[in-house]
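See structure below.
All values below were derived from every heavy atom in this structure, side-chain atoms included, with hydrogens, water molecules and symmetry-related copies excluded. Numbered from 1 within each chain, the chains take letters A, B, ... in sequence-line order.
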Protein chains: 2
Amino acid sequence: MGSPEYLKIVEAIKTKITSEEIKPGDAIQSENLLCEEFNVSRMTVRKGLAVLVNEGYIYSIPGKGNYVCEPDLDLYTLHFDEMMPTEKKGEEIRLLEVNVIKPSYEIGFNLEIPENKHVIVVKRVFVSDGVIKAYDIKYIPYYRGIPIVEKEIRYATFPEMVAKKNSIFAMTKKLKIRATLAKGEVSQSLDVMDGEPLLVVEQKLLDEKDHPIGWGIMYFAGEDSGLEAVACFD
Amino acid sequence: MGSPEYLKIVEAIKTKITSEEIKPGDAIQSENLLCEEFNVSRMTVRKGLAVLVNEGYIYSIPGKGNYVCEPDLDLYTLHFDEMMPTEKKGEEIRLLEVNVIKPSYEIGFNLEIPENKHVIVVKRVFVSDGVIKAYDIKYIPYYRGIPIVEKEIRYATFPEMVAKKNSIFAMTKKLKIRATLAKGEVSQSLDVMDGEPLLVVEQKLLDEKDHPIGWGIMYFAGEDSGLEAVACFD
DNA sequence: CAGTGGTCTAGACCACTTG
DNA sequence: AAGTGGTCTAGACCACTGA
C-alpha cells in the first residue's frame with residue numbers, strides 16, 4: 001500500500017511474466033495505456049519499466065513498444081574470492097617466493113610482453129586449519145614502484161599489486177576454470193600426492209585497453225574445495 | 001554532442017571515478033549542484049545517477065547524498081552453456097539412458113524428497129568431432145506429464161525438462177564447480193582412463209520457494225575444456 | 001532548520017515504426 | 001498521420017539526515 005506507484009507497476013508486470021500470462025517476445029501494453037491503467041503520469045510508468053529493463057525482464061524498441069525478454073539461462077554470477085576467506089580464525093597465507101625473473105615463453109605470451117622485459121613472480125599458499133588449501137602463482141610485468149616488500153605483498157590481492165599503476169575501476173578480470181592433476185612443484189607446494197585432482201583457476205588482469213597487466217594461476221586441492229555460482233535471473 | 005544530457009553526466013562522473021579524482025566512499029556533489037553544473041533539470045540529473053547506480057559505480061543514502069562504491073572485485077559473470085555449443089557442425093548429443101528410479105540417499109538428499117517418490121534419471125554425453133566432451137546426469141522428481149520420450153528429452157535443457165511444472169522465470173539455478181578423478185561409470189561414459197582429471201559442474205534447479213526441482217552433474221573431460229568468467233565491474 | 005535524496009505530475013518535443 | 005518510446009522541464013511534496 002505504502003509502496004511507490006512505480007513498484008506496483010513493476011510487481012504487476014513481473015507477475016504477468018512469471019505466471020506466463022505474457023511470454024517472451026510478447027509486447028507489454030503501451031506506456032500510455034499503463035498510465036491510464038495505474039492512474040499515474042508517464043514518467044512514473046517509465047520508471048517502473050526502467051526497473052524491469054535493468055532486471056532483464058523486458059527490453060524496448062523505440063517506436064514500437066516494450067517486449068518480454070527471452071531469459072538468458074546460461075548467465076551466472078560467480079563469487080570468486082581471491083584471498084579465500086582470509087582474516088578468519090585458522091586462516092593463514094604463506095609467502096613462498098617473490099622474485100624478479102625473465103619471462104618464460106608461456107609467461108611472455110600471457111602477459112603479451114617481450115622476453116627482455118622483467119616480471120615479478122609471487123608464489124603463495126593459503127592455509128586453513130593447518131591444511132594447505134590453495135597454491136597461488138602470480139606474474140606481473142615489472143615497473144618502478146611495484147611493491148616487492150614481503151609485508152606489502154603477502155596479503156595483497158591481484159589488483160592491489162598493480163594498483164599503483166592502474167586504477168582498479170579501469171581493470172577487467174577474467175577467469176578460466178579447469179581441472180588438472182597435481183604434479184611436481186604444484187604437488188610439493190600443496191603437500192599432496194602426484195595425481196590428485198586439482199581445480200585450476202587462471203586469472204588475467206586487463207587494463208582499459210585490454211592489455212594484460214597480470215597473470216595468475218591458483219590450484220585448489222581437495223574435492224571439497226570448489227566454486228559456487230548462481231543464475232543471474234531473478 | 002548529440003548524445004543525451006544524462007549520458008554526459010554519466011560520462012563525466014565515470015571519468016572522475018576511474019581517474020580516481022573521487023575515491024570509494026567519497027560523496028558526489030549534490031543533485032541540485034549537478035543541475036546547475038550541467039544546466040539541466042533535476043530529473044535529468046537523477047536519470048544519469050540511476051545509470052551509475054545500476055552499473056555499480058555509486059549508491060545513494062537518502063537525506064545524505066550519493067557516494068562512490070567500493071568496487072566488488074570478487075564478482076564475475078559466468079557463462080555456462082548447459083548444452084555446450086550444440087547445433088554446431090560436428091556437435092552431437094547421445095542419449096544413454098532415461099529411466100524412472102527410486103532415489104538413492106544422495107539423490108533424495110539433493111532433491112529433498114522422501115525415498116518413496118520416484119525420480120527421472122537422464123544420462124547423456126556431448127560429442128564434438130567424434131570426441132566425447134562431457135557426461136551429463138540429471139535427476140528430476142517424477143510428475144505426471146514430464147517428458148520421458150526420447151525425442152523430447154534428448155536436446156532438452158534442464159529448465160526445459162521441468163518447464164511444464166515451473167515457469168522458467170521463477171526458477172533459480174545454482175552451480176558448484178570442482179575437480180575430480182575419472183572412475184567407473186564416469187570413465188566409461190566419457191571413454192577416458194581412470195585417474196584422468198575431470199571438471200565437475202553440479203547444477204541445482206530451485207523453484208521460487210528455494211525447493212529443489214532438479215539436480216544434475218556434468219563431467220568435462222580434457223584439460224582444454226574449461227569455463228570462463230569475466231569480472232562484472234565495467 | 002536548511003539540505004538531501006525519493007517520488008510524482010502534466011505537460012512538451014523528438015525520432016522512430018506502422019498502416 | 002497516428003502511435004510508440006526517448007528525452008527533458010519546472011515545478012511539487014515527502015521523509016530523512018545533520019547542525
Side-chain angles (χ1 to χ4, degrees), chain A residues 1-17 21-72 234, chain B residues 1-17 21-72 234:
Chain A
M1 258 306 16
S3 69
E5 293 301 318
Y6 76 90
L7 282 183
K8 292 179 193 167
I9 301 173
V10 169
E11 289 315 314
I13 297 179
K14 260 190 199 177
T15 302
K16 278 194 186 178
I17 294 175
E21 188 182 327
I22 47 179
K23 291 186 171 46
D26 289 356
I28 312 284
Q29 56 269 64
S30 80
E31 297 178 358
N32 285 320
L33 281 177
L34 285 167
C35 293
E36 293 172 25
E37 251 180 68
F38 289 89
N39 267 302
V40 293
S41 76
R42 179 144 171 256
M43 285 303 262
T44 303
V45 166
R46 284 183 60 72
K47 180 152 187 174
L49 296 180
V51 171
L52 292 165
V53 169
N54 289 329
E55 295 187 359
Y57 284 90
I58 66 170
Y59 62 94
S60 288
I61 302 181
K64 293 192 71 178
N66 293 286
Y67 297 85
V68 180
C69 286
E70 300 284 345
D72 189 343
D234 52 335
Chain B
M1 259 316 10
S3 69
E5 294 299 320
Y6 75 91
L7 283 182
K8 292 179 192 166
I9 301 173
V10 169
E11 289 313 315
I13 298 178
K14 261 191 197 175
T15 303
K16 278 194 187 179
I17 293 175
E21 188 183 327
I22 46 179
K23 292 185 171 49
D26 289 357
I28 312 283
Q29 56 270 60
S30 79
E31 296 178 358
N32 285 320
L33 281 177
L34 285 167
C35 293
E36 295 173 24
E37 252 181 67
F38 289 88
N39 269 301
V40 293
S41 77
R42 181 146 168 254
M43 286 303 264
T44 302
V45 166
R46 284 183 61 73
K47 179 151 187 175
L49 296 180
V51 172
L52 292 165
V53 168
N54 289 329
E55 295 188 359
Y57 283 90
I58 65 170
Y59 61 95
S60 288
I61 303 181
K64 292 192 72 177
N66 292 287
Y67 297 85
V68 180
C69 286
E70 300 284 344
D72 189 344
D234 52 336

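In this structure, A:Leu34 atom CG and C:dC8 atom P are separated by 14 Å, rounded to whole Å. Atom-to-atom, CG of A:Asn39 to P of C:dC8 comes out at 13 Å; the value is rounded to the nearest Å. The separation between A:Gln29 atom CD and D:dG3 atom P is 17 Å, rounded to whole Å. Between the CG atom of B:Leu7 and the P atom of D:dC8 there is a distance of 8 Å, given to the nearest Å. Atom NZ of A:Lys47 and atom P of D:dT7 are 15 Å apart (whole Å). In this structure, CG of B:Asn32 is placed 13 Å from C1' of C:dG6, rounded to the nearest angstrom. When the C1' atom of D:dG6 is taken as reference, atom CZ of A:Arg46 falls 5 Å away, rounded to whole Å. What separates CD1 of A:Ile58 from C1' of D:dT4 is a distance of 14 Å, to the nearest Å.
The phosphate of C:dT9 (OP1 or OP2) has a side-chain N or O of A:Thr44 nearer than 4.0 angstrom. Phosphate proximity of C:dT4 to B:Asn66: absent, as no side-chain N or O sits under 4.0 Å from OP1 or OP2. Regarding contacts with the backbone of D:dT4, a side-chain N or O of A:Ser30 is found under 4.0 angstrom from either OP1 or OP2. For A:Tyr6, a side-chain nitrogen or oxygen approaches OP1 or OP2 of C:dT7 to under 4.0 Å.
How far CG of A:Leu49 is from CD1 of A:Ile58: 4.5 Å, rounded to the nearest 0.5 Å. A distance of 11.0 Å separates OG of B:Ser41 from NZ of B:Lys47, quoted to the nearest 0.5 Å.
The side chain to side chain donor-acceptor pair (under 3.5 Å) search around B:Ser30 returns none, not counting sequence neighbours. Applying the side-chain contact (heavy atoms from CB on, under 4.5 Å) test to B:Val51 and every residue at least two apart in sequence or in another chain returns B:Tyr6, B:Val10, B:Glu55. For A:Glu36, the side chain to side chain donor-acceptor pair (under 3.5 Å) criterion is met by no residue, not counting sequence neighbours. When the side chain to side chain donor-acceptor pair (under 3.5 Å) test is applied to A:Asp26, no partner is found at least two apart in sequence or on another chain. A search for side chain to side chain donor-acceptor pair (under 3.5 Å) contacts involving A:Glu11 returns nothing, not counting sequence neighbours.
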> Can you give the dot-bracket line for DNA chain C, using ( ) for pairs inside the strand, [ ] for pairs that cross earlier ones, | for pairs with another strand and . for unpaired bases, where Watson-Crick and G-U count if both distances are under 3.5 Å?
Replying inline: |.||||||||||||||||.
> Does the pair A:Phe38 and A:Leu34 meet the rule for a side-chain contact (heavy atoms from CB on, under 4.5 Å), with working shown?
Replying inline: CA-CA 6 Å; A:Phe38 289 89; A:Leu34 285 167; 3.8 Å; yes
Which side-chain N or O atoms in residues 60-68 of chain B pair as donor and acceptor under 3.5 Å with protein atoms at least two apart or in another chain?
residue, atom, partner, partner atom, Å
B:Ser60, OG, B:Asn66, OD1, 2.3

> For nucleotides 10-19 of chain C, read 5' to 3', which letter fits each nucleotide if B means a protein heavy atom sits under 4.0 Å from the base, S means only the sugar-phosphate is that close, and - means neither?
Replying inline: B-B---BSS-
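When distances are taken from the side chain of A:Pro4 to each of C:dT7, D:dT7, C:dG6, the shortest belongs to C:dT7.
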